[in-house]
Amino acid sequence: MQAHYPLDGLTTLGTQAKADYFAEASTLDELEGLLAEATANDWPVHFLGAGANTIAMSHVKGLVIKIAFKGYEVAAAPNGDVLVKCGAGEIFDDIVRRTLQAGLGGLENLSAIPGTVGGAVVQNIGAYGVELAERLASITVYDRAQKVVRVLSVEECDFRYRHSIMKTEAGQSFVVLSATLRLPSVWTAVTGYKDLEMELEARGLTPSTVTASELSEIVRTVRARKLPDPKVLGNAGSFFTNPIISKVHWHELLTDHPSLVYYRLGGGRMKLAAAWLIEAAGYKGHVSGMVGVYDHHALILVNRGGATGEAVLALAEEIIQAVKKRFGVTLVMEPVILG
Ligand code: EPU
């Protein structure tokens, strides 16, 4: 365990931050030992994966535990699907590459998403028409309250758009240790997303001729065009979730703003493109000292160098207020605050 530990390099947003204490846990024994020490000293405990969806505040009180559980095991499910059990500390994109290299399709739409397997599970990552929950069989968690390891089925995880039980009161004491992916025995390409369709066409491919590896390359190309590389420009991916509103509210907005970008959901609900709202509120490319809004995509807040978490949150709040005032829609932040 180390004291006064700098966290700047441990999040993709790269804010200047220090934790009172920092340690890594790669086994259950290590995790339990660290948790016992924190309890004995009355330290608050925080968990970190690859920091891809985390805003670290200047001073993080207590103990930050980096989850470093490794592991990659392949097994066959009774119905012929392939089960891949991965440690929570594995880099999710390494798993995507590894499964594709082994000829296993299913994760290609989730290519190039930064972060660990644990982080991917907690926020149910999704991209280009696929959500992680659709490719999961179960997860194992350590329940801090009961001090036991539990296996949770997908149903028990309550996965929804960028949401899982781990984000709620009921799952607050769960630490993800591993995830068992379920990759289909019969693979079909998911190519309905407009950007993918266009790129397929440009390469002379169709949904029935493209391979999983080719689709992965296409997703990587499309993402690289839109999203800044965190190694070059600090960011946490989409900074807000796409808001879901009622049909009545959507209809009012569309009347005033015919170019509004939206997607129809079931049950009379509509999802709006938060990027469109932020751009229309005038914030695309906005600069505020060391933080800003990416000039190629309005949903990405960037650290222009040396920013603090507090400065990032101040800009986020300004954007939330501007969008609320203009459209009556309240944006909700996607990254979690470490502080
Ligand atoms: N748009 C604008 N201005 C912009 C950028 C986009 O008006 O500056 C509009 C465009 O019309 C575009 C629409 O917004 O068609 C949606 O943009 P995009 O296709 O880039 O998707 P997104 O809704 O911004 C979501 C996910 C991404 C995921 C992509 C692809 C959320 C919060 N974000 O982004 O996930 O990669 O779809 O599936 O759901 C992440 O969560 O960190 C993330 C990158």
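In listed order, ligands and their atoms are each counted from 1.
For the residue pair R203 / T221, a side-chain donor-acceptor distance below 3.5 Å is found, with atom types taken as modelled. Side-chain N/O atoms of N124 and E131 include a donor and acceptor closer than 3.5 Å. Looking only at atom types and distance, the side chain of T330 has a donor-acceptor partner in the side chain of K324 under 3.5 Å away. No side-chain N or O of S213 forms a donor-acceptor pair with one of S216 less than 3.5 Å apart.
Closest to atom 36 (O) of ligand 1 by heavy atom, among R223, K226, R162, is R223. Comparing heavy-atom distances from atom 15 (O) of ligand 1 across K271, R225, K194 singles out K194 as nearest. The heavy atom nearest to atom 30 (C) of ligand 1, out of those in Y193, Y283, Y262, is found in Y193.
Both the backbone and the side chain of H297 come within 4.0 Å of ligand 1, counting heavy atoms alone. Here T241 has backbone heavy atoms under 4.0 Å from ligand 1, and that is the only part of it that gets that close.
Inclusion of E279 in the set of residues having an N or O under 3.5 Å from an N or O of ligand 1 is warranted. No N or O atom of H296 sits closer than 3.5 Å to an N or O atom of ligand 1. At least one N or O atom of A298 sits closer than 3.5 Å to an N or O atom of ligand 1.
In this structure H296 satisfies the side chain to side chain contact (heavy atoms under 4.5 Å, CB included) test together with Y294, sequence neighbours excluded. Applying the ring pair (Phe, Tyr, Trp, His ring centres under 6.0 Å) test to Y193 and every residue at least two apart in sequence or in another chain returns Y128.
Ligand-side atoms of ligand 1 in range of N242: 23 (O), 31 (C), 32 (C), 39 (O), range being under 4.0 angstrom from any heavy atom. Which parts of ligand 1 touch F240 is read off a 4.0 Å heavy-atom cut-off, strictly below it: atoms 32 (C). Which parts of ligand 1 touch W276 is read off a 4.0 Å heavy-atom cut-off, strictly below it: atoms 2 (C), 7 (O). Close approach of ligand 1 to V261 is summarised as follows: ligand atoms under 4.0 Å from at least one heavy atom of the residue are 11 (O).
When the options I320, V332, I300 are evaluated for a side chain to side chain contact (heavy atoms under 4.5 Å, CB included) with F240, the one that passes is I320.
Ring orientation note: the planes of W43 and Y21 are close to parallel, at an angle under 30° on the 30°/60° scale.
Protein heavy atoms are found less than 4.0 angstrom from atom 5 (C) of ligand 1. Distances from atom 2 (C) of ligand 1 to the protein include at least one heavy-atom value under 4.0 Å.
Of the protein's non-hydrogen atoms, the one nearest atom 16 (C) of ligand 1 is Y263 OH, 3.2 Å. Looking from atom 33 (N) of ligand 1 to the surrounding protein, the closest heavy atom is S238 OG, 2.9 Å.
Ligand 1 has no atom lying under 4.0 Å from any heavy atom of Y294.
Proximity of Y283 to V323: side-chain heavy atoms (C-beta onward) are nowhere separated by under 4.5 Å. No side-chain heavy atom of K18 sits under 4.5 Å from any side-chain heavy atom of M57.
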